[in-house]
Amino acid sequence: MRIATWNVNSIGARLPRLRAWLESAAPDVLCVQELKCADDAFPREQLAELGYESASYGLGRWNGVAVLSRIGIEDVTRGLVDEPRYEEATEPRAIGATCGGVRVWSVYVPNGREPEHPHYQYKLRWLEALRATVAAETAATDKPFAVLGDFNIAPTDTDVWDISLFADSTHVTEAERKALAVLRDAGLTDVLPRPLKYDHPYTYWDYRALAFPKNRGMRIDLVYADATFGAAVGDAYVDREERKGKGSSDHAPVVVDLEL
DNA sequence: ATGCCGAGTTCGACTCGA
């Protein structure tokens, strides 16, 4: 079984490349983030033509997550346990679904903007709600389980191209990394993908300043898997080819092959 | 060549991203 995650940075703008990638990479399940579209505008039929069912959670121009599957979608859950709101608004950032006997969550963790910004505290509260959701779900089922998506956290200093440039920046702070450690304490492990080129499995490169050609990237799209899911992992890689060329997302897909 | 930011909103300057 092949499961992937990809922040597409607008499913509308990315639809031609998304469809081509689904045909070439042929994942059984794809967790998608940053739809930037409401559910009534979700391109359900265009994905169904390729054999994928969709469960989406989008409210408009920002955020939005989905699970695509060609092996069935059941028990869809939108939002987290005791999920915080930002400026009194609910943001669509998490959707869970069971596909082919595997429980997956597609998540788009808040960015945080700056450590002193209210959005950063929102990010930490949101990560606590994710922990609570993981604890509740893994206690209730023995299905292989994983949270996949854009965590907006670089787990270690080597997960950014130059840590010296990240002083006082979000994505690398102690508190954010502690939130990942808490998820690991809850029984999840970081499935480290292999890079297809260079030394580090970056998943994101800014559109600006030649970041991709210079390989100034970050590993922020993560797969956090429970023991059952983790034990089944045969291969994992970042499909950096998909970051190339015109009309790409600024994130590359992370692909995980399970021996299930 | 991997190439100098892109998307949505609502028609063009703004917000957001990390």
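Chain letters run A, B, ... following the sequence lines, proteins first and then strands; every chain starts at 1. Scope of the values below: all heavy atoms of this structure, side chains included, with no hydrogens, waters or symmetry mates. Given the structure is predicted, the values throughout are model-derived calculations rather than measurements.
With P as the reference atom, B/dC11 and B/dT15 are 15 Å apart, rounded to whole Å. Here, B/dA13 and B/dA18 have their C1' atoms 22 Å apart, quoted to the whole Å. Only the C1' atoms considered, B/dG3 is 28 Å distant from B/dT9, to the nearest whole Å. B/dG6 and B/dT10 have their P atoms separated by 22 Å, given to the nearest Å.
Looking at heavy-atom distances under 4.0 Å, A/R243 makes no contact with the nucleic acid at all. Within the nucleic acid shown, A/G245 comes within 4.0 Å of sugar-phosphate atoms alone, with no base atom in reach, counting heavy atoms only. As judged by a 4.0 angstrom heavy-atom cut-off over every strand, A/D150 is placed among residues touching the sugar-phosphate backbone only. In this structure, A/E241 reaches neither bases nor backbone, as no heavy-atom distance under 4.0 Å exists between it and the strands shown.
Using a 4.0 Å cut-off between a side-chain N of Lys or Arg and a carboxylate O of Asp or Glu, A/R103 and A/E137 qualify as a salt bridge. Under a 4.0 Å N-O distance rule, the pair A/R219/A/D190 qualifies as a salt bridge.
The NE2 atom of A/H171 sits 15 Å away from the P atom of B/dC16 (whole-angstrom rounding). A/K246 places its NZ atom 14 Å from the P atom of B/dA1, with the value rounded to the nearest Å. In this structure, A/N215 atom CG and B/dG3 atom P are separated by 13 Å, rounded to whole Å. Between A/R17 atom CZ and B/dG6 atom P there is a gap of 12 Å when expressed in whole angstrom units. Distance, A/K214 NZ to B/dG3 P: 13 Å, rounded to whole Å. The distance between atom CG of A/L210 and atom P of B/dC5, rounded to the nearest whole Å, is 8 Å. Residue A/W205 contributes atom CH2, which lies 14 Å from atom P of B/dT2 at whole-angstrom precision. In this structure, the CH2 atom of A/W161 is 13 Å from the P atom of B/dA18, given to the nearest Å.
The side chain of A/M218 has B/dA18 as its nearest neighbour among B/dT2, B/dG6, B/dA18. Minimum atom distance to the side chain of A/K36 is reached by B/dG6, of the listed B/dG6, B/dA18, B/dT2. For A/N152, taking side-chain heavy atoms from C-beta onward, the closest of the listed nucleotides B/dA18, B/dG17, B/dA7 is B/dA18. The side chain of A/R61 has B/dG8 as its nearest neighbour among B/dA18, B/dG8, B/dG3. Taking the side chain of A/Y198 as heavy atoms from C-beta on, and the options B/dC5, B/dA7, B/dT2, the nearest nucleotide is B/dT2. Proximity note for A/K244 (side chain, C-beta onward) versus B/dT2, B/dA18, B/dC16: the nearest is B/dT2. Across B/dC5, B/dG8, B/dA18, the shortest atom-to-atom separation from the side chain of A/R208 is found for B/dC5.
With a 4.5 Å cut-off on side-chain heavy atoms, A/P201 and A/L192 count as touching. Between A/V104 and A/C31 there is a side-chain heavy-atom pair separated by less than 4.5 Å.
Contact between the side-chain N/O atoms of A/N9 and the OP1/OP2 oxygens of B/dA7 is not found at any separation under 4.0 Å. Considering only side-chain N and O atoms, A/R216 lies nowhere under 4.0 angstrom from the phosphate OP1 or OP2 of B/dA18. Using a 4.0 Å cut-off, no side-chain N or O of A/T170 falls inside it from OP1 or OP2 of B/dA18. Here A/H251 reaches the OP1 or OP2 of B/dA18: one of its side-chain N or O atoms lies under 4.0 Å away. Listed pair A/Y86 / B/dC16 fails the phosphate criterion, with no side-chain N or O lying under 4.0 Å from OP1 or OP2.
Contact of A/K197 with B/dT2 (side chain to base): a donor-acceptor pair of N or O atoms is detected under 3.5 Å.
Of the possible polar contacts, one joining the A/Y207 side chain to the A/S248 backbone as a donor-acceptor pair under 3.5 Å is found.
Under the 6.0 Å cut-off for aromatic ring centres, A/W6 and A/W21 qualify, their centroids lying closer than that.
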Salt bridge (Lys or Arg N to Asp or Glu O under 4.0 Å), that's the test. Do A/R70 and A/E53 meet it? Break it down for me. CA-CA 6 Å; A/R70 60 178 191 183; A/E53 292 179 82; over 6 Å; no
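In terms of position on DNA chain B, the residue among A/L35 and A/Y204 whose nearest nucleotide sits closer to the 5' end is A/L35.
With a 3.5 Å ceiling on both atom-pair distances, the Watson-Crick or G-U wobble partner of B/dC14 is B/dG8.
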